[in-house]
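In what follows, a single structure is set out as C-alpha cells and then discussed.
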Amino acid sequence: MIDFGNLVYIFMVFSCMSFALLRESKFSRIGETTMVSCTIGNFVVMSYLGLRGIVLRYISKGNYLIIFPLLIGTLVFIRLSGSLMKKYKAISMWGTNLLIGVGMGLTIRGVIETEIVNQLSSLILPLYGVSLTEAIQNIFVVASALLVIFYFLFTFYLKEEKGIIGSTRQLGRYCIIVVIGVLYGRTIMTRVSYLIGTFGDIIGMFK
Amino acid sequence: MSEIIKNQKLGLVITFVVSFLVILEYYFPVGILVSSVAEVKVWSVVIAYFMLFIGAAVTCINHLKTVNRRTKDDWPYSVYSLLIIFIMIVLGIGLSPESTYYKWIINNMYGSSLMGVLCLTAFYVFASAFRLLTIRTWESLILVLASFLIMMKNVPIGEVIWSGFPIISDWMTNTIQRGAYTGLIMTIGMGSMIMGILTIIGRQRRRE
Amino acid sequence: MSLKMLKDQRLIYWILMILVIYITINPIGLPISITPSTREVYDIIESLPPGSVVLSCSDVELGTIPELMPGYVAMLKHCFRRDLKIVHYSFSSEAAVVTPMIFDALKDDLKDKKYGDDYTIFGFIAGMEIGVASLATDVQATFGADIYGTPVYNIPLMENLKTAADFDLVITAVPASYYRFLMRHWGAAYGMPVLVLPVAQVVPEAMSFVKSGDLAGVLNSIRGSAEYELLLKSPGDAIKALDIQSVSHLYLILLVVLCNVGYYISKRSEKT
C-alpha cells in the first residue's frame with residue numbers, strides 16, 4: 001500500500017531524475033536542494049552524537065585531557081569572522097595542522113609497507129619451475145608494471161615521444177588505457193546498481 | 001608570547017612534531033609513545049567532528065546571505081534548505097536518530113533524493129559511452145576492447161553468449177591489468193609519500 | 001513524434017529506464033558460475049572456529065545499498081551461522097539509517113543470538129583513516145558507547161577487546177578505496193586478515209592487494225555478492241540484480257556498436 005512517505009519518495013526520485021529525463025527546472029532543483037540539505041543535517045547530527053560519546057567516555061573515566069581537542073576544535077570557528085581571522089588566522093589553523101600531521105604520519109607509515117614494498121614483492125614472480133603458460137603470464141605482469149612505472153617516472157623529462165624511451169612510454173600508455181577501459185566497464189555496473197535499487201524500491205511499493 | 005602563538009610557523013611545527021611521533025610509534029612501539037600517539041589519534045577524531053560542524057556552519061551562513069539579499073530564484077531554495085537542516089538537527093539531537101520522524105526524513109527525503117541524483121550518473125555514463133568508446137585510434141580500440149571484455153566477464157550473459165569471454169577476460173585481468181595496476185599503485189604510493197614528506201617539512205604550499 | 005526525437009540524448013535515458021523497470025518486473029534467471037575469488041572469501045569465514053571475534057566495518061552509504069548490502073548481509077549471515085561474534089561499526093555518517101537495514105535483513109539469523117554477548121553495534125566513527133587507526137590501538141576509547149548509549153565497558157563482548165590484536169577477522173564493505181585504512185592499520189600492523197566487498201570500480205585495485213598478501217580476499221561487487229548468496233544457499237537481491245545488469249550491459253554494447261557504425265558511415269560519406 002502506498003502511503004504519504006512513499007509518495008514523497010517517488011516525488012523526490014523523479015524530481016532529481018527530471019534533470020536528465022526532461023530538463024533543468026524548479027522541479028529538479030527541489031530534489032537537488034533536498035539532497036544537499038539533508039546531507040548537511042545528517043552530518044551535523046551524527047557528528048554531535050559521536051563527539052558526545054567520546055567526551056562522556058573520557059569524563060566518566062576521570063580523564064579531562066579531552067578539553068584540549070575540544071578547545072582546539074572550537075578555535076576553528078574563528079574562520080567564521082573576517083575580523084578575527086585577520087588577527088588570529090594561525091590559531092584557527094591549529095586543528096587543521098594537527099589533523100594533517102596525524103593524517104600524513106599515518107599515510108607515510110602505511111604506504112611504505114602496503115603500497116610500495118608489498119606491491120614490489122608481489123612482482124617477484126617465478127619463471128622457472130612453473131608451466132610455460134604461467135611463465136609467460138608472469139612476464140606480462142612484470143613487463144606491464146615496469147612500463148607503467150616508466151611512463152610516470154619519465155613524464156617530466158621528455159617533451160617529444162621519440163626513440164626507445166618514447167616507444168616504451170607509448171607501451172606504458174597502452175597498459176594504462178587497458179586499466180582505464182576496465183575501470184569504465186566496472187563503472188557501468190556501479191551506476192546501473194543505483195537504477196536497480198531505486199526502481200526496485202519503487203516497484204516494491206506497488207506490490 | 002602572543003607573537004609566537006600567532007605565528008603561522010607554529011602550525012607547521014605542530015604538523016611536524018605530531019607526524020614525526022606517529023611515524024616513530026610505528027617503528028618503535030615503546031609504552032609512553034604508544035599511549036600518547038593513541039591519545040593524539042582520539043583528539044584528531046574529535047577535531048574531525050568540529051571540521052564537519054564548520055562546514056555546516058559555512059553553508060548555513062551562505063544560505064542566510066542569499067535569503068537576506070533576496071537573490072532572484074535562489075532565495076526560496078535557501079529558505080527550504082535552512083528549514084530542512086534545522087528540522088533534522090532538532091529531531092536528530094532533540095529526539096534521536098532512531099526516532100520515527102528522523103528516520104522518515106532520512107528514508108523518504110534524503111534517501112530518495114540521493115538515489116535520484118545518483119541515477120543521473122547512470123544516465124550520463126551511458127551518454128558518455130558515445131564519446132569515449134568511438135574507435136578512432138589504436139588507443140581507443142584498446143579502450144573499447146578492455147571495457148567490452150570486462151563487461152562480458154562481470155555479467156552472466158557474457159558466459160551464455162560465448163564461454164570464451166571469461167577466459168580471455170581472466171587472462172587480461174591476471175596479466176596486463178594486474179601488472180599495470182601494481183605499477184599505478186606503486187607510483188601513487190610514492191607520490192603520496194613524497195607529498196606527505198613535503199607537507200610535514202612545510203615545503204608544500206597550502207591554500208588557506 | 002518526429003524523427004528529430006531520435007537525435008535527442010534523452011531517448012537513451014528513457015530506454016534505459018524502461019529496460020530496468022521491465023526486467024525488474026520480469027526477471028530472466030540467467031545461470032551464475034562461482035569464481036575463485038568468492039570461493040576464497042567463503043572459505044576464510046568457513047575456516048574460523050566458533051567464538052572468533054569479527055570486526056564488521058561498514059561504509060555502506062544510502063547510495064551504495066543496492067550494490068553492497070546484499071553481499072555484506074550474506075557475509076554477516078555466514079558469520080552468524082558459524083557462531084562468530086560480531087562487533088559492528090560504521091565510518092559512514094549514514095550509519096543511523098543503514099545499520100538498522102542491515103540488521104533487519106539478518107533478523108532470522110539473530111533469533112538465537114544475544115545482543116551484547118554474540119554481537120554488538122556501534123555507530124559512526126568520524127575521521128576516516130584516523131578513526132580506523134585510533135580504533136586499532138584503543139578500541140574501547142574510540143568506541144565510547146554503542147548505539148543504545150551503553151558504555152563500552154558495560155558490554156560483555158567488549159570486555160577482552162582492547163586492540164586490533166584481540167580480533168580474528170575484519171570484514172568491510174566500501175564505496176571507494178577506504179579499505180586501505182583497515183588494510184594498513186589492522187592488516188599490515190597487526191597481521192589481521194581483511195575481507196573486502198568494494199564497489200565494482202575498486203575491485204581491480206583491491207585484487208592487487210590480494211596478490212601482494214595485504215588483503216585476505218575480495219568479493220567482486222554485485223557479481224561476487226550473487227555468487228556468495230548461491231554458496232550460502234540463501235538467494236537474495238544480488239542474484240535478481242545481475243539479470244538487470246546483463247540487459248543494461250548489452251544495451252550499452254548495442255549503443256557503442258551503433259555509434260561506431262554511424263561514425264564510420266559519416267566518415268565515408270565525408271570522403272565521397
Side-chain angles (χ1 to χ4, degrees), chain A residues 17 20-23 39 42-47 49-58 60-61 63 99 102-103 105-107 109-115 117-123 141 179 182-204, chain C residues 10 13-14 16-17 20-21 24-25 63-68 93-97 123-130 133 140-145 149 151-152 175 180-181 183-185 187-189 199-204 208-209 211-214 221-223 237 240-241 244-245 248-249 252:
Chain A
M17 282 170 60
L21 293 173
L22 298 168
R23 64 183 180 284
T39 310
N42 189 47
F43 262 128
V44 170
V45 170
M46 291 298 125
S47 305
L49 293 171
L51 184 64
R52 191 181 70 178
I54 293 180
V55 170
L56 288 175
R57 163 102 182 116
Y58 265 69
S60 67
K61 276 175 94 179
N63 183 351
L99 269 180
V102 174
L106 291 172
T107 303
R109 73 185 215 185
V111 151
I112 294 172
E113 184 168 350
T114 57
E115 289 173 39
V117 172
N118 288 353
Q119 290 295 311
L120 196 59
S121 64
S122 76
L123 285 180
V141 171
V179 168
V182 165
L183 276 177
Y184 185 81
R186 289 187 165 274
T187 304
I188 307 289
M189 202 167 212
T190 305
R191 304 293 174 226
V192 171
S193 292
Y194 300 142
L195 283 170
I196 294 169
T198 310
F199 289 113
D201 286 343
I202 292 174
I203 288 165
Chain C
R10 291 176 291 186
Y13 311 150
W14 279 97
L16 176 64
M17 192 176 80
V20 169
I21 293 170
T24 307
I25 299 169
T64 50
I65 284 175
E67 194 170 1
L68 297 179
S93 62
E94 289 150 25
V97 179
F124 159 62
I125 309 285
M128 298 300 256
E129 182 160 14
I130 298 168
Q140 308 224 342
T142 312
F143 275 144
V152 66
R180 290 188 193 209
F181 310 149
M183 187 179 74
R184 286 175 201 155
H185 303 291
V199 291
Q201 290 148 277
V202 179
V203 169
S208 303
F209 289 110
K211 302 286 182 204
S212 68
D214 292 309
S221 174
I222 193 80
R223 170 78 197 232
D237 291 336
K240 290 179 213 165
I244 309 169
Q245 293 278 0
S248 13
H249 280 57
L252 180 75

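Throughout, a chain's letter reflects where its sequence line sits, starting with A, and its residues are numbered from 1. Computed over heavy atoms, backbone and side chain alike; hydrogens, waters and symmetry mates excluded.
Contact tally against chain A (heavy-atom pairs below 4.5 Å) for C:E94, C:K211, C:H185: the top residue is C:H185. When the candidates C:T24, C:T142, C:T64, C:V20 are compared by the number of heavy-atom contacts under 4.5 Å with chain A, C:V20 comes out ahead. Most heavy-atom pairs under 4.5 Å with chain A: of the set C:G213, C:S208, C:A95, C:G123, this distinction falls to C:S208. Your options are C:P151, C:P204, C:P175, and the one with the most heavy-atom pairs under 4.5 Å with chain A is C:P204. With chain C as partner, the option from A:V182, A:L21, A:V192 having the largest number of non-hydrogen pairs under 4.5 angstrom is A:L21. With chain A as the partner, the residue from C:V97, C:I25, C:V203, C:I222 showing the most heavy-atom pairs under 4.5 Å is C:V203. In terms of heavy-atom pairs under 4.5 angstrom with chain C, the leader among A:A20, A:G105, A:G50 is A:A20.
Of the possible polar contacts, none joining the C:Q201 side chain to the A:T187 backbone as a donor-acceptor pair under 3.5 Å is found. Checking side-chain atoms of C:R10 against main-chain N and O of A:L22 turns up a donor-acceptor pair under 3.5 Å. Checking side-chain atoms of A:R57 against main-chain N and O of C:Q140 turns up a donor-acceptor pair under 3.5 Å.
Distance check: A:T107 OG1 to C:R184 CZ gives 5.5 Å after rounding to the nearest 0.5 Å. To the nearest 0.5 Å, atom CD1 of residue A:I202 and atom CD1 of residue C:I21 are 7.5 Å apart. Note that CZ of C:R180 is 7.5 Å distant from OG1 of A:T114, once rounded to the nearest 0.5 Å. In this structure, CD1 in C:I65 is found 12.5 Å from OG in A:S193, a value given to the nearest 0.5 Å. Atom CZ of C:R223 sits about 10.5 Å away from atom CZ of A:R186, to the nearest 0.5 Å. Interatomic distance, A:I188 CD1 to C:L252 CG, rounded to the nearest 0.5 Å: 4.5 Å.
Within the 4.5 angstrom heavy-atom criterion, no atom of A:L120 approaches chain C. Interface remark: A:V179 contributes no atoms to any contact with chain C (heavy atom separation under 4.5 Å). Heavy atoms of C:L16 lying under 4.5 Å from chain A belong exclusively to its side chain. A:I54 touches chain C through its side chain: at least one heavy atom from C-beta onward sits under 4.5 Å away, while N, CA, C and O do not. The contact between C:A133 and chain A is made entirely by side chain atoms (from C-beta outward), counting heavy-atom distances below 4.5 Å. Proximity to chain C (any heavy atom under 4.5 Å) is restricted, for A:R109, to the side chain, taken from C-beta onward. Heavy atoms closer than 4.5 Å to chain A are found nowhere in C:F181, neither backbone nor side chain. Interface residue A:I203: only side-chain heavy atoms are found under 4.5 Å from chain C.
Shown here for C:I130 and A:G103, the closest heavy-atom pair between the two residues is CD1-N, 4.3 Å. In terms of heavy atoms, A:I196 sits closest to C:A241 at CD1-O, 3.6 Å.
Side chains of C:M17 and A:F199 form a contact here, defined as non-hydrogen atoms less than 4.5 Å apart.
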